[in-house]
Amino acid sequence: MLTQAITEYHAHLSAEKGASPHTIEAYLRDLAQYETFLAERLKHSPVTAPNLDDIARADIVEFIAYLRSRGFAPSTIERKLSAIRNFHAFTYREGIASHNPATKLPTRSKTQTLPDVLSVDEAAALFHMLYADSTPAGLRNVALIETLYGCGLRASEVCGLDILDIDFDAGALRVTGKGNKQRIAPVGERAAAALRRYLDAGRSHLHPKRSVAPATSAVFLTTRGARIYREAVYNIVRVAGAQAGLTRSLHPHTLRHSYATHMLEGGADLRSLQEMLGHADLSTTQIYTHVDQSHLRQEYLLSHPRAQHTPEHG
């Protein structure tokens, strides 16, 4: 049964693949939608979901067509299709299904979207605004955004930081990334100084009873003294970007993209950047070479006397 197979795949993602809860939740949500569609298409009731061996390639193609008709973005459809491919590969490999209907599905040829990045001037304006707030929450926000931008961390990685993960003497953080894989991220002087100020003068005040030290080991706390969560990080970053006068919405991943781009522009090599970002595959890191090249072209167009078309005289 499809439902039981999805349950086994869930266990596989959690125990063997070490996937993050966020990734598992997204995959299960996509597969639940897929299961509902198949139950209708193959004329089963939702209670008696279709058997895996009843599913054909044509059913998956019809599911893709259904998603397009509902107005899903191409990137969303590709993500759902990835979940389906991986699921069917698992069931065939484990002998749960007799065939894999997703083996010959075409992959969507897509142009690579370059990540949004801050200019160096925009980053400077952001921090100029942040450092004006010396309240406990303000000290936290400075340290949080300095860490996102100065260390290239994901929002989930910032949320997971514990005090013992900071080594000020070595100038490094121990970061737990995707798949619970740990890496060491260098910390620059400004991020380290912001973290020290926050830990010394801000963190203990982020608690309803100001005299009571927060019980959690988390570095970053909410104003109620609990470990900070992803939505709060996104909101802090978004509000900071608006207050700094940025013309577009600022996200935590924009800060990570900016870190990577500015590192390359400063001369960092791709392999080192891969390790610092915690990318399993170098091809993921290589997108930043395209960002770097686009910046270089902009500089060329602005600077070279023959870069712009002008009428020839004589």
Side-chain angles (χ1 to χ4, degrees), residues 10 13-29 115 130 136-137 139-188 190-200 202-207 213-240 250-260 263 273-281 284-285:
H10 181 191
L13 289 173
S14 302
E16 298 181 36
K17 296 288 286 185
S20 71
H22 181 71
T23 298
I24 293 172
E25 180 184 350
Y27 265 41
L28 292 180
R29 189 166 55 247
L130 285 167
L139 294 176
R140 177 203 60 195
N141 294 351
V142 171
L144 176 72
I145 294 176
E146 283 277 18
T147 303
L148 287 166
Y149 172 65
C151 306
L153 269 57
R154 303 176 178 95
S156 58
E157 293 169 346
V158 164
C159 294
L161 277 180
D162 288 331
I163 292 174
L164 291 179
D165 291 331
I166 305 174
D167 187 338
F168 285 113
D169 292 334
L173 300 178
R174 183 175 60 223
V175 179
T176 302
K178 289 186 175 180
N180 290 321
K181 293 180 180 178
Q182 291 193 336
R183 69 181 188 277
I184 301 299
V187 182
R190 293 191 179 183
L195 281 166
R196 283 188 185 275
R197 280 193 300 272
Y198 161 64
L199 292 175
D200 291 343
R203 182 178 179 276
S204 63
H205 295 281
L206 293 175
H207 197 279
T216 178
S217 61
V219 172
F220 294 107
L221 308 178
T222 67
T223 53
R224 297 190 62 81
R227 182 183 292 273
I228 206 164
Y229 50 95
R230 284 172 55 92
E231 290 79 4
V233 172
Y234 273 76
N235 189 56
I236 289 167
V237 172
R238 179 185 58 78
V239 171
L250 184 63
H251 302 281
H253 229 61
T254 306
L255 297 169
R256 177 171 160 89
H257 293 324
S258 301
Y259 161 87
M263 287 286 290
L273 185 60
Q274 177 191 4
E275 291 188 21
M276 286 185 274
L277 289 169
H279 286 160
D281 194 326
T284 308
T285 317

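Values below: every heavy atom of this structure, side chains too, minus hydrogens, waters and symmetry copies.
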Leu161 CG to Leu195 CG distance, which is reported to the nearest 0.5 Å: 8.0 Å
Exceeds 12 heavy-atom contacts within 6.0 angstrom, atom CZ of Phe168: yes
Heavy-atom closest contact (Cys151 atom, Val187 atom, distance): SG-CG2, 4.0 Å
Whether Tyr198 side chain and Val219 backbone form a donor-acceptor pair below 3.5 Å: yes
For Val237 against Pro252, the heavy-atom pair lying closest together: CG1-N, 3.8 Å
Criterion side-chain contact (heavy atoms from CB on, under 4.5 Å) on Arg174 and Asp167, from CA distance to verdict: CA-CA 8 Å; Arg174 183 175 60 223; Asp167 187 338; over 6 Å; no
Side-chain heavy-atom pair Ile228, Ile236 within 4.5 angstrom cut-off: yes
Sidechain-backbone polar pair: Arg140 side chain, Phe220 backbone, donor-acceptor under 3.5 Å: no
Exercise: identify the closest heavy-atom pair between Gly160 and Asp165: O-OD2, 4.0 Å
Heavy-atom side-chain contact between Ser217 and Ile163 under 4.5 Å: no
Heavy-atom check, side chain of Leu221 versus side chain of Arg203, under 4.5 Å: yes
Validation row: Arg238, Leu250 side chains within 4.5 angstrom (heavy atoms): no
Sidechain-backbone polar pair: Arg256 side chain, Leu153 backbone, donor-acceptor under 3.5 Å: no
Leu206 versus Ala137, closest heavy-atom pair with distance: CD2-N, 4.0 Å
Close side-chain approach of Thr176 and Lys181, heavy atoms under 4.5 Å: no
Steps toward side-chain contact (heavy atoms from CB on, under 4.5 Å) verdict (Leu173, Glu157): CA-CA 11 Å; Leu173 300 178; Glu157 293 169 346; over 6 Å; no
Full working for side-chain contact (heavy atoms from CB on, under 4.5 Å) between Ile166 and Leu199: CA-CA 11 Å; Ile166 305 174; Leu199 292 175; 4.0 Å; yes
Contact summary for Ile145 and Ala240, nearest pair of heavy atoms: CD1-CB, 3.7 Å
Arg190 atom CZ, neighbour heavy-atom count above 12 within 6.0 Å: no
Nearest heavy atoms of Val233 and Cys159, plus distance in Å: CG2-SG, 3.7 Å
Salt bridge (charged side-chain N to carboxylate O under 4.0 Å, His left out) assessment of Glu146 paired with Arg197: CA-CA 12 Å; Glu146 283 277 18; Arg197 280 193 300 272; 5.9 Å; no
Distance (rounded to the nearest 0.5 Å) between Leu139 CG and Leu144 CG: 12.5 Å
